[in-house]
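In what follows, chains carry the letters A, B, and so on, assigned in the order in which the sequence lines appear, proteins first and then strands, with residues in each chain numbered from 1. All values derive from a computational prediction rather than experimental measurement.
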Amino acid sequence: MDITLNVNGRPEQFSAPPNELLVERLRDGLGLTGTKVGCDTGQCGSCVVRLDGRSVKSCLVLTASAAGAGITTIEGVTTRGGELSGLQEALRQEHGTQCGFCTPGMVMALGELVDATAGGPAPTEPEIREWLTGNLCRCTGYHSVVRGVQRACAAGRDEVPAGTTATTASASEV
Amino acid sequence: MTAVTGEAPADRGGVLGRPLDSREDPQLLRGEAAYVADIDLPGTAHMAILGSPVAHAKILSIETKAAEQLPGVLKVATAADFTDVMPLPCIWVPGGVESHFPPHPYGLPGARPVLTGDTVRHVGDPIAAVVAETPRQAAAALAAICVEYEPLPVVTRADEALADGAPQLHEAVPGNLNAYWTCGDRDRTDAAIAAAEVTVELDLVNQRTINSPIEPRGAVGDYDPATGEYTLYASTQGPHNHRFLLSALVLGIPFNKLRVIAPTVGGSFGTKGYLYPDMPLVLLLSKALGRPVKWVDTRTGLMNSTVQGRDHRQHATLAGTRDGRITAVRCTSHANLGAYPSTIGPGVATALMGRSISGMYDIDAAFCEVYAAFTNTVPLGAQRGSGRAEAAFLMERLVDRYASEIGMDPAEVRRRNLVPKEKFPYDNGLGWTYDSGNYRLNFDKAVELSGYADMPTRKAEARTRGKRLGVGIATYVAVCGVGPSTRMSQEGMLGGTWESANIRIHPTGEVTVTVGSASTGQSHATVFAQVAADELGIDPATVQVHEGDTQKAPYGQGTYGSRSYSMAGPAVALTARKLKAKLVRAGAVLLGAPEHRVVYEDGGIHEEGNPQNAKTLAELAMAMWYGWGLPPEIEPALDETTHFDPPDFNYPFGTHVAVVEIDELTGETEVVAYTAVDDAGTIGNPKIVQGQIEGSIVHGLGQALMEAAEYDDDGRLISADLGHYALPRAADVPFFALDKTVTPSPHNPLGAKGAGEIATVPPAAAVVNAVVDALSDLGVRHIDMPLTPEKVWRRLRGESQ
């Protein structure tokens, strides 16, 4: 069937089988390999993209059902080799990545949290952890990711990230 | 946090030891790094593998015609296609164990065929491979292959596999016993136990777990008929090792006709260092079809084929005095090797576990025996903290049991038995000689930082909220830095375990470091640049690091056993020192000064007492590139390589304290505080090590609380996807309180000890100790992992295990 998607601000027209998954279209059809496949069952979150602004697991979305939607993938967050977004920069400073396989999905999912809380109170540590439950990471144990989100949210609010002081202090000691 | 205490070396003011940002992070954060699934060679065809749906059966027939005729299918291969391919070898056969399998060249035992044609021995055992134009076509064709099975009885537990009348897996291995292995002094230990004032015993199940890197494994094979060369891209921890094993020992092709490339690898934790059937398959099928062949595993495929970990059933005894002095420890373990000996699985199940059981304690008598058995389960391999975590669990559970028996505080019992500082190097009587340590300092720091003294108050407070609070301590020593090649040969490892580095200082003064190791997410490019920059006194930004491609990198053994920093790191440092020595020799000529007066310092040389007579590294590099006027004993150019083989292993250690709260109504266990004080020797980049320690602790908590590879009676893995195999999520853990002590290792020039996985070793014991502490007034003396809410809830209701 003929489908139109707006991907990272560019209109894409193609014909797709009705059972094609969005992640297949993005990776195999459009060559956007920043979106990863880690589990096939919607558990790991490595395939998260933004669909009309909401983060979704693209292994659980049929391409056909996304017809007409605006999709943002990790490739749409920054240009290749370009400057990092505020969230990415905060994650870099906290070393919120190790092998990096789950990272693009995390950036996409956490981007929605950062956007959704902009202008209001910063999300608390439990709120960030709860938001992250859709994304599995086996390397970092999540701590550096949580600290990265706290840092990103604090940067927008010009404040010291709550709850990170003790851990950051130990960071220089470990 | 308090300043580092102990034997920390003086700060030299260099870039080593500083928390530099990981230079790998930006491309990972932008999604630009290419993992094996992202590699797209022109003309690639796609492979899928048919794994057995049954755990144990004879194959009566395989019919592939229908599959061959499906759209897009290019080839369906079975065992009959690969009769000239050797089986995948096992390269770690523990000392004294007789190999029951047909030998390879070089005396290695063959372990499993590339595809099985006669008998399947576990669900997922590969039977056939399909190559098609698209991944979907290949996967669809699997369903059209007809295999007729004659079911055989199934056994999934090691102890049951060794019982009389158990189903037999391999004709050559009567009774399913691959190895009976011992270490320590049996008679001395038995005598000490017989004479002891107090003995305690525990039966422990260290359940089978699945490493579950978020990236499933994958492989791309590319054969070039013009040169006869094969290229394998694979998610591997050890490209050089895979090159050696695959070329010489499986495919029977010259070593120099196989190139192995590890692209960005999405986590491993031990599992991606093994040989798997898919690796020779993509190479052989690429040659057969004249096209690149790509295979990417599914999650369920991974769980049914990638090596699994732990899986010991242990009977353990500890003996001691009434006043808290431990006199002996003994363990009998049944280890489940799975259906075939994996590349190094038998060594993990024996030496890595058994030689570690006495932990940080000074014990007069210790003995461990392991029965390693075959069963109808996925082959066993390494798992983050492998062997050492199983050992720490055993010892730390025993110590708590003993403390309870003699009515002494568990912290006090531990403190009284730690190996004293003056006893290093310390022979633990089980085969390891600990290099260095200050255990008491480490232990006291952790106990104090955890607020241990306040626990009675906190317990009382928790009860007012319907929670039972428990505290558990666990200590550990983790053998790392694998290792001295000769020592590993004594352990039965068939291969060298040195590590290498090459440094080129280019004519314009920039530096390229190439190492034989290969990162699976440990920021090697950052840390090895720090090592080289520190030694050469230059800006790390001018140092590039390469690894992972056997055509470009010097030989190396790869990343495993937390070895990269303490093995490849010293190789980098020693290579830089070779270059500095050469620059001093050449500099004497270039400066017209006597050699003994030439000093290398801060990225250049000068004549002692005459600082104007100097050259920068860039000037020297250009002069060495030209080579004009050098005496014949000095070769031009700056290009050196070192192969580093340490005198012995290194032994990081540490103390962890877990505080849990158990909900009286639901049985749910929450880790409410966690303190870890680890000693990884001298650390190269504390930011990166902190990340590894945090991730490692969560991995260990996963085993304690939720992870289990569960097989049903028919040998089917029930927990074969992430909906049924629980991994810790962000909301399952609190921030941790971390600190360190620093005891440099004398076994390498950096003073480094392993770090990557060490903090996975104690958490399971710490958490189970905490939960038993919380339930002790109910008469609970032990509880098996994982500590699911239901299991704990039943114990709260007084039900026995």
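Of the atoms belonging to Val733(B), heavy atoms from both backbone and side chain fall under 4.5 Å from chain A. Contacts between Ile688(B) and chain A at a heavy-atom distance below 4.5 Å involve backbone atoms as well as side-chain atoms. For chain A, the nearby parts of Ala37(B) are the backbone and the side chain; heavy atoms of each come within less than 4.5 Å. Interface remark: Ser212(B) contributes backbone and side-chain atoms alike to the contact with chain A (heavy atom separation under 4.5 Å). Of the two parts of Glu89(A), neither the backbone nor the side chain holds a non-hydrogen atom closer than 4.5 Å to a non-hydrogen atom of chain B. Only the backbone of Asn211(B) comes within less than 4.5 Å of a heavy atom in chain A; its side chain stays farther off.
Among the candidates Val107(A), Thr41(A), Leu132(A), Leu84(A), the residue making the largest number of heavy-atom pairs closer than 4.5 Å to chain B is Leu84(A). Taking chain A as the reference chain and counting heavy-atom pairs below 4.5 Å, the highest number among Ala731(B), Gly267(B), Ser268(B) is found for Ala731(B). Counting heavy-atom pairs closer than 4.5 Å to chain A, the top residue among Thr300(B), Ile697(B), Thr298(B), Asp678(B) is Thr298(B). Ranking Pro126(A), Gly81(A), Gly31(A) against chain B, the residue ahead of the rest is Gly81(A), based on heavy-atom pairs under 4.5 Å. If you tally non-hydrogen atom pairs under 4.5 Å between each of Pro728(B), Ser523(B), Ser696(B) and chain A, the highest count goes to Pro728(B). Per-residue heavy-atom pair counts under 4.5 Å with chain B were compared for Val145(A), Thr78(A), Thr103(A), Thr133(A), and the maximum is reached by Thr133(A). Listed options Pro104(A), Ser85(A), Gly38(A) were ranked by heavy-atom pairs under 4.5 angstrom with chain B; first place goes to Gly38(A). Between chain B and the options Gly134(A), Gly82(A), Ser46(A), Cys137(A), the largest number of non-hydrogen pairs under 4.5 Å is found for Gly82(A). Among Cys139(A), Gly141(A), Cys99(A), Ser144(A), the residue making the largest number of heavy-atom pairs under 4.5 Å with chain B is Cys99(A). Between chain A and the residues Pro734(B), Pro213(B), Ala755(B), the largest count of heavy-atom pairs under 4.5 Å involves Pro734(B). Among Glu32(B), Gln27(B), Glu24(B), the residue making the largest number of heavy-atom pairs under 4.5 Å with chain A is Glu32(B).
Surrounding CD of Glu448(B) are at most 12 heavy atoms belonging to other residues, nucleotides or ligands under 6.0 Å away. Annotation: Glu130(A), atom CD; neighbour count of heavy atoms from other residues, nucleotides and ligands within 6.0 Å does not exceed 12.
Here the OG1 atom belonging to Thr140(A) is positioned 11.5 Å from the CD atom belonging to Gln692(B), to the nearest 0.5 angstrom. Interatomic distance, NE2 of His95(A) versus CG of Asp25(B), reported as 5.5 Å (0.5 Å rounding). Atom CZ of Arg136(B) is separated from atom CD of Glu20(A) by 7.0 Å, given to the nearest 0.5 angstrom. Note that CZ of Phe101(A) is 13.5 Å distant from OG1 of Thr520(B), once rounded to the nearest 0.5 Å. The distance from atom OG1 of Thr97(A) to atom CG of Leu28(B), rounded to the nearest 0.5 Å, is 4.5 Å. In this structure, the separation between SG on Cys39(A) and CD on Glu215(B) is 13.5 Å, given to the nearest 0.5 Å.
By the 4.5 Å heavy-atom criterion applied to side chains, Arg299(B) and Gln43(A) are not counted as neighbours. Here the side chains of Phe735(B) and Val146(A) are in contact, with some heavy-atom distance below 4.5 Å. No side-chain heavy atom of Asp721(B) sits less than 4.5 Å from a side-chain heavy atom of Asp40(A). Looking only at side-chain heavy atoms (C-beta outward), Leu738(B) and His143(A) stay at 4.5 Å or farther from each other. Looking at heavy atoms from C-beta onward, Arg138(A) lies in side-chain contact with His699(B) at the 4.5 angstrom threshold.
Although no hydrogens or angles enter the test, the distance criterion places no donor-acceptor pair under 3.5 Å between the side chain of Lys36(A) and the main chain of Gly31(B). For Arg30(B) (side chain) and Arg80(A) (main-chain N/O), no donor-acceptor pair under 3.5 Å exists by modelled atom type.
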